[in-house]
Enquirer: 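Below you will find the structure I want to go over with you.
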Amino acid sequence: MAKFVEEFLSSKGWTVEKLGNDTGLSKEMLENLNAKTAEEITAEELDLIGDVFNIRSEDLASTFFEMEKDAMLKELETIFEKHGYNTDEIGLELFDGESIRIGMHYDNITDLMDSVNTETKRFIANIHPSANWLVIEEY
């Protein structure tokens with residue numbers, strides 16, 4: 001999820017440039033780091049950042065993943081709002097195997113499905129085999 005590392009740094013009053021100066025990471029490496037998902041950040045990168053903030057790499061990884069989840073949910077909410085759907089069912093439960101079911105009777109339901117499938121990295125929308133529901137879940 002692009003930019004969540006930058007958001008973390010900002011919450012600590014730091015910039016990417018300051019992190020580079022204090023860790024010795026190159027600008028290119030920091031830009032690559034900022035474009036990665038939480039799962040793509042290496043143990044070495046977590047250790048370097050964790051050392052600067054005196055945070056264990058395991059705790060930092062957890063923090064990054066939680067920040068990324070929030071960003072992914074906001075992305076999904078934006079898609080729902082764009083297509084005029086209620087966002088009340090969008091929540092962290094999606095990361096625990098829950099799904100969202102929406103009746104197929106809405107006129108633009110296939111537009112919503114296409115947007116979820118093309119504009120998100122962690123969610124997929126499929127028509128339920130009964131053809132009565134659009135099901136959105138994490139993949």
Side-chain angles (χ1 to χ4, degrees):
M1 180 57 62
K3 302 286 185 202
F4 79 92
V5 172
E6 192 172 305
E7 289 174 29
F8 171 78
L9 294 173
S10 179
S11 74
K12 301 290 186 188
W14 281 50
T15 63
V16 174
E17 291 78 18
K18 181 163 175 44
L19 179 65
N21 291 337
D22 286 19
T23 61
L25 294 174
S26 69
K27 182 179 179 183
E28 181 181 25
M29 186 175 202
L30 288 169
E31 287 171 355
N32 289 338
L33 176 68
N34 206 35
K36 290 181 179 183
T37 66
E39 295 169 342
E40 294 170 334
I41 296 176
T42 68
E44 178 184 6
E45 292 164 336
L46 287 170
D47 287 341
L48 287 169
I49 298 169
D51 286 348
V52 169
F53 293 105
N54 198 26
I55 300 172
R56 293 177 350 150
S57 58
E58 297 85 7
D59 295 336
L60 187 59
S62 178
T63 298
F64 283 172
F65 191 62
E66 291 304 313
M67 289 176 73
E68 189 173 48
K69 282 184 192 179
D70 289 342
M72 286 185 278
L73 292 177
K74 286 178 187 169
E75 199 174 61
L76 193 58
E77 287 175 359
T78 299
I79 291 168
F80 270 55
E81 289 168 351
K82 177 173 80 173
H83 293 285
Y85 287 88
N86 187 330
T87 62
D88 290 347
E89 292 185 56
I90 298 173
L92 290 172
E93 300 82 16
L94 286 169
F95 297 105
D96 295 326
E98 296 288 323
S99 62
I100 297 172
R101 295 175 123 198
I102 302 171
M104 291 297 294
H105 59 278
Y106 294 98
D107 289 338
N108 64 345
I109 194 76
T110 55
D111 293 337
L112 176 65
M113 180 177 71
D114 291 343
S115 289
V116 169
N117 290 337
T118 59
E119 298 174 32
T120 69
K121 292 182 180 180
R122 294 287 294 255
F123 299 105
I124 188 165
N126 290 303
I127 298 172
H128 187 269
S130 70
N132 293 327
W133 304 99
L134 176 69
V135 179
I136 299 170
E137 58 195 349
E138 180 190 28
Y139 71 93

Enquirer: Run the numbers on Asn117 and Ile124 for side-chain contact (heavy atoms from CB on, under 4.5 Å), then give the verdict.
Expert: CA-CA 5 Å; Asn117 290 337; Ile124 188 165; 3.5 Å; yes

Enquirer: Without swapping roles, check the side chain of Tyr139 against the backbone of Lys121 for a donor-acceptor pair under 3.5 Å.
Expert: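 Answer holds: yes.
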
Enquirer: Check side-chain contact (heavy atoms from CB on, under 4.5 Å) between Asp111 and all other residues, then give those that pass, not counting sequence neighbours.
Expert: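 side-chain contact (heavy atoms from CB on, under 4.5 Å) list for Asp111, sorted by chain: His83, Asn108.
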
Enquirer: Can you give me the closest heavy-atom contact between Glu137 and Ser99, atom names plus distance?
Expert: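 The pair with the smallest heavy-atom distance is CB-CB, 4.0 Å.
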
Enquirer: Of all the heavy-atom pairs spanning Val135 and His128, show the shortest one and how long it is.
Expert: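 Heavy atoms only, the tightest pair is CG2-CB, 3.9 Å.
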
Enquirer: Name all residues meeting the side-chain contact (heavy atoms from CB on, under 4.5 Å) criterion together with Thr42; count only those two or more places apart in sequence or in a different chain, and write none if there are none.
Expert: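 So Thr42 forms a side-chain contact (heavy atoms from CB on, under 4.5 Å) with Lys36, Glu44, Glu45.
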
Enquirer: Determine, for Lys69 against Glu66, whether the closest basic-nitrogen to carboxylate-oxygen distance falls under 4.0 angstrom.
Expert: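 Salt bridge flag = yes for Glu66 with Lys69.
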
Enquirer: Within this structure, what is the CG-CD distance for the pair Asp88 and Glu77, rounded to the nearest 0.5 Å?
Expert: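 Result: 9.5 Å between the selected atoms.
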
Enquirer: Rounded to the nearest 0.5 Å, how far does CD1 of Ile109 lie from CD1 of Ile127?
Expert: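 It is 8.5 Å, given to the nearest 0.5 Å.
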
Enquirer: Just wondering, more than 12 heavy atoms not from Lys74 lying within 6.0 Å of its NZ?
Expert: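 At most 12 heavy atoms, drawn from other residues, nucleotides or ligands, come within 6.0 Å of this atom.
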
Enquirer: How close do Ser115 and Ile79 get, counting heavy atoms only, and between which atoms?
Expert: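 It is CB-CG2, 3.6 Å.
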
Enquirer: Indicate yes or no: at least one non-hydrogen side-chain atom of Ile55 is less than 4.5 angstrom from one of Thr63.
Expert: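 No; the side chains remain at least 4.5 Å from each other.
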
Enquirer: Do you know which two heavy atoms are closest between Leu46 and Ala61, and how far apart they sit?
Expert: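 That closest heavy-atom pairing would be CD1-CB, 3.7 Å.
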
Enquirer: Nearest 0.5 Å, what's the CD-CD1 distance between Glu68 and Ile41?
Expert: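 Rounded to the nearest 0.5 Å, the CD-CD1 separation comes to 8.0 Å.
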
Enquirer: Evaluate the side-chain proximity of Glu119 to Lys82: yes if any heavy-atom separation is below 4.5 Å, no if none is.
Expert: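 A side-chain contact exists here, since the closest heavy-atom pair is under 4.5 Å.
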
Enquirer: Do the rings of Phe123 and Phe95 sit parallel, tilted or perpendicular, given the 30° and 60° boundaries?
Expert: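 Because their plane-to-plane angle lies in the 30° to 60° range, the rings of Phe123 and Phe95 count as tilted.
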
Enquirer: Would you give the length of the straight line joining atom NZ of Lys18 to atom CG of Leu30, rounded to the nearest 0.5 angstrom?
Expert: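 If we round to the nearest 0.5 Å, Lys18:NZ and Leu30:CG are 13.0 Å apart.
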
Enquirer: To the nearest 0.5 Å, what is the distance between CZ on Phe80 and CD on Glu75?
Expert: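 Here the interatomic distance stands at 12.5 Å.
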
Enquirer: Take Ile49 and Leu33, measure what side-chain contact (heavy atoms from CB on, under 4.5 Å) needs, and give me the verdict at the end.
Expert: CA-CA 11 Å; Ile49 298 169; Leu33 176 68; 3.5 Å; yes

Enquirer: Quick check: are there more than 12 heavy atoms from other residues, nucleotides or ligands sitting under 6.0 Å from CG of Asn86?
Expert: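 For Asn86, atom CG is crowded (more than 12 foreign heavy atoms under 6.0 Å).
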
Enquirer: Taking only residues at least two apart or on different chains, which pairs with a member in residues 10-50 satisfy ring pair (Phe, Tyr, Trp, His ring centres under 6.0 Å)?
Expert: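 Qualifying pairs: Trp14-Phe53.
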
Enquirer: Give, for atom CG of Asp47 and atom CG of Leu60, the distance between the pair rounded to the nearest 0.5 Å.
Expert: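 Answer rounded to 0.5 Å: 9.5 Å.
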
